[in-house]
Asks: 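Here's a structure for you.
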Amino acid sequence: MEQNITMDKIQILLVEDDLSLGGLLSLELKRRGIHAVHAKTAKEALAKLAHDTFDAVVTDLKLGDGDGLDILKASKQAQPETEVLMITGHGSIDTAVAAMKAGAFDYLPKPVVPDELMLVLQKAMEHRQLVGEVKRLREEVKDKYSFEGIVYAGPKMRAVLELVQKVAATDATVLILGESGTGKELIARAIHEKSARRSGSFVAINCGAIPEGLLESELFGHVKGSFTGADRNKRGLWEEAGGGTLFLDEIGETAPALQVKLLRALQEGEIRRVGDNHPIKVSSRIVTATNKDLAQHVKEGKFREDLFYRLKVFPIQIPPLRDRAEDILPLAEHFLRKARKKMGGKATRLSPEAAAALKAYGWPGNVRELEHAIERILIMAGGPTVTMGDLPPEMQPADAPKKKAPSGTGTSLNDMEKAHILEILEACGQNQVEAAKRLGIARNTLWRKLKTYGIASGKQ
Ligand SMILES: Nc1ncnc2c1ncn2[C@@H]1O[C@H](COP(=O)(O)OP(=O)(O)OP(=O)(O)O)[C@@H](O)[C@H]1O
Ligand SMILES: [Mg+2]
């Protein structure tokens, strides 16, 4: 903490109706580099307090037209951080005590010795800085909110959650956009939980993980005999979501033929089971999500424009974690607590260095990557405090993706990423699904990177 207070930049308000004492103190303070504004009456002092800010107020307790205690109160009300010093005459100890109780920093008995006043002022300024520091720290901690299990601190997620709150009150179709791991599914659930449909079910289906043919029957159901293995009639998820919410995740992955059927279902509010022409009314609320640039897919002819417009009635864009760095530490603490509950472990806090490194890291896998990193860190940490050594190599400052590798010599970012992927794959026994999870990236992303780096890896 900075203890050297620069006294020459401070401005104080001196309230003294004894003109010679006031004049003398102003002069003495000025000689010591402090700018004092001299108010000669209580009225003048109150007016100055209303119009200007001061680092400290030095006021006589007894003023011709008023009371120093009123000045103290007015000052505390206008600017609580401004320290107030009282000048007390003989026999006014009781009032001095009252002043201290009302928040005065200290009091000086008359006759006031300028050097003493300087000393007390210095102390007051140190105190003020300390209080400011504590307040700032407290705010950092307090500035952490949780909404349906969604932890955030900054204005970006707050804005997202305001949208969630608003749209939850309606039945509008929502399109959630955001990079992998930003919390799209969490937001979809929050919309459901905040809506009047919360007593209905929340049914999620990952359109990217299920083969096209199967996806259709999963969504719309099928009738007996409609395909090999369809040995009975089956309701689809759309029907099952009933009065609840149907969450279509990775909507950008749906094949063209299914896109037509989705559009029809959305427009008409009815579906047809596979193998059946009979329409069935459906009433579930539809929330979709994608980490793809759907507009681009539309341009490239991969996604139907009419469906795109039908889905994006109410788009919610979740910013990547790197664009809301103020959320990183609150999330890290949240995950540290969560991981400790799940698997035990000693670490309860982050060293300032480790915290700074987490905050500086780019988090390509967003919140999911952070969650996994914290689990790993908890395993690594031997003591109550997480230190730099417990952090994964890519978060060590020298390797942090944000920093460029030295030109010419050394390893490039790509080399580091490749080495890291190889290391994780090795650790996961070449299991790509597991490796993608640990890296905090989507399977597709990992697969693309493997291809780029020419890494041949066995198991899917
Ligand atoms: N703001 C947050 N507060 C607490 N946990 C979060 C937050 N955002 C994300 N998470 C957690 O991070 C993980 C990833 O979130 P989620 O699955 O919702 O992301 P996603 O955007 O759907 O990812 P993907 O595109 O890979 O499917 C989950 O475990 C989720 O609970
Ligand atoms: Mg998801």
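Order of listing sets the numbers, starting from 1, for every ligand and every atom in it. Fair warning: this is a prediction, and the values are worked out from it, not measured in the lab.
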Asks: Examine Lys338 against ligand 1 and note whether any of their N/O atoms are separated by less than 3.5 Å.
Replies: no
Asks: What's the separation between atom CZ in Phe220 and atom CZ in Arg272, rounded to the nearest 0.5 Å?
Replies: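 One gets 10.5 Å once the value is rounded to the nearest 0.5 Å.
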Asks: Just jot down the ligand 1 atoms closer than 4.0 angstrom to any heavy atom of Leu331, in number order.
Replies: 1 (N), 2 (C), 3 (N), 4 (C)
Asks: Would you compute the distance between atom CZ of Arg197 and atom OG1 of Thr245 and round it to the nearest 0.5 angstrom?
Replies: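 The CZ atom of Arg197 sits 6.0 Å away from the OG1 atom of Thr245.
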Asks: Measure the distance from atom 17 (O) of ligand 1 to every protein heavy atom, then report the residue, atom name and distance (to 0.1 Å) of the closest one.
Replies: Arg368 NH2, 3.0 Å
Asks: Looking only at non-hydrogen atoms, find the nearest pair between Ile150 and Ala190 and report the distance.
Replies: CD1-CB, 3.8 Å
Asks: Give the residue, atom name and distance (to 0.1 Å) of the protein heavy atom nearest atom 10 (N) of ligand 1.
Replies: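 Here the closest protein heavy atom is Val367 CG1, 3.4 Å.
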Asks: Kindly confirm or rule out an N or O of Val151 lying under 3.5 angstrom from an N or O of ligand 1.
Replies: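 Yes - when backbone and side-chain N and O of Val151 are compared with those of ligand 1, one distance drops under 3.5 Å.
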Asks: For atom 25 (O) of ligand 1, grab the closest protein heavy atom and report residue, atom and distance to one decimal in Å.
Replies: Lys184 NZ, 2.6 Å
Asks: Assess, by modelled atom type and distance only, whether the side chains of Asn366 and Glu179 contain a donor and an acceptor separated by less than 3.5 Å.
Replies: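 Checked: Asn366/Glu179 side chains pair up, N/O donor to acceptor below 3.5 Å.
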Asks: Of all the heavy atoms in Gly181, does at least one lie under 4.0 Å from an atom in ligand 1?
Replies: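 Yes.
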Asks: Can you name the atoms of ligand 1, numbered from 1 with element, that are less than 4.0 Å from a heavy atom of Phe335?
Replies: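 Taking each heavy atom of Phe335 in turn, ligand 1 has 5 (N), 6 (C) under 4.0 Å.
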Asks: Which protein heavy atom lies closest to atom 31 (O) of ligand 1, and at what distance to 0.1 Å?
Replies: Leu186 CD1, 3.8 Å
Asks: What residues, two or more places apart in sequence or in another chain, satisfy salt bridge (Lys or Arg N to Asp or Glu O under 4.0 Å) together with Asp306?
Replies: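 Asp306: salt bridge (Lys or Arg N to Asp or Glu O under 4.0 Å) contacts with Arg304.
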Asks: Rounded to the nearest 0.5 Å, what separation is found between the CG atom of Leu215 and the CD atom of Glu253?
Replies: 11.0 Å
Asks: Does ligand 1 have any atom that is closer than 4.0 Å to a heavy atom of Gly149?
Replies: yes
Asks: At what distance is the nearest protein heavy atom to atom 16 (P) of ligand 1, and which residue and atom is it?
Replies: Gly183 CA, 3.6 Å
Asks: Look at atom 29 (O) of ligand 1 and say which protein heavy atom is nearest, naming residue and atom and giving the distance to 0.1 Å.
Replies: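 For atom 29 (O) of ligand 1, the nearest protein heavy atom comes out as Glu371 OE1, 2.8 Å.
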Asks: Pick one: which of Lys281, Arg273, Lys234 meets side-chain hydrogen bond (donor to acceptor under 3.5 Å, both in side chains) with Glu239?
Replies: Arg273
Asks: Measure the acute angle between the ring planes of Phe227 and His222, then classify it against the limits of 30° and 60° as parallel, tilted or perpendicular.
Replies: perpendicular
Asks: For ligand 1, which atoms sit closer than 4.0 Å to a heavy atom of Glu185?
Replies: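 Checking each atom against Glu185, I get 18 (O), 22 (O).
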Asks: Run the salt bridge (Lys or Arg N to Asp or Glu O under 4.0 Å) test against Arg189 and tell me which residues pass, sequence neighbours left out.
Replies: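 With neighbours one apart ignored, the set is Glu185.
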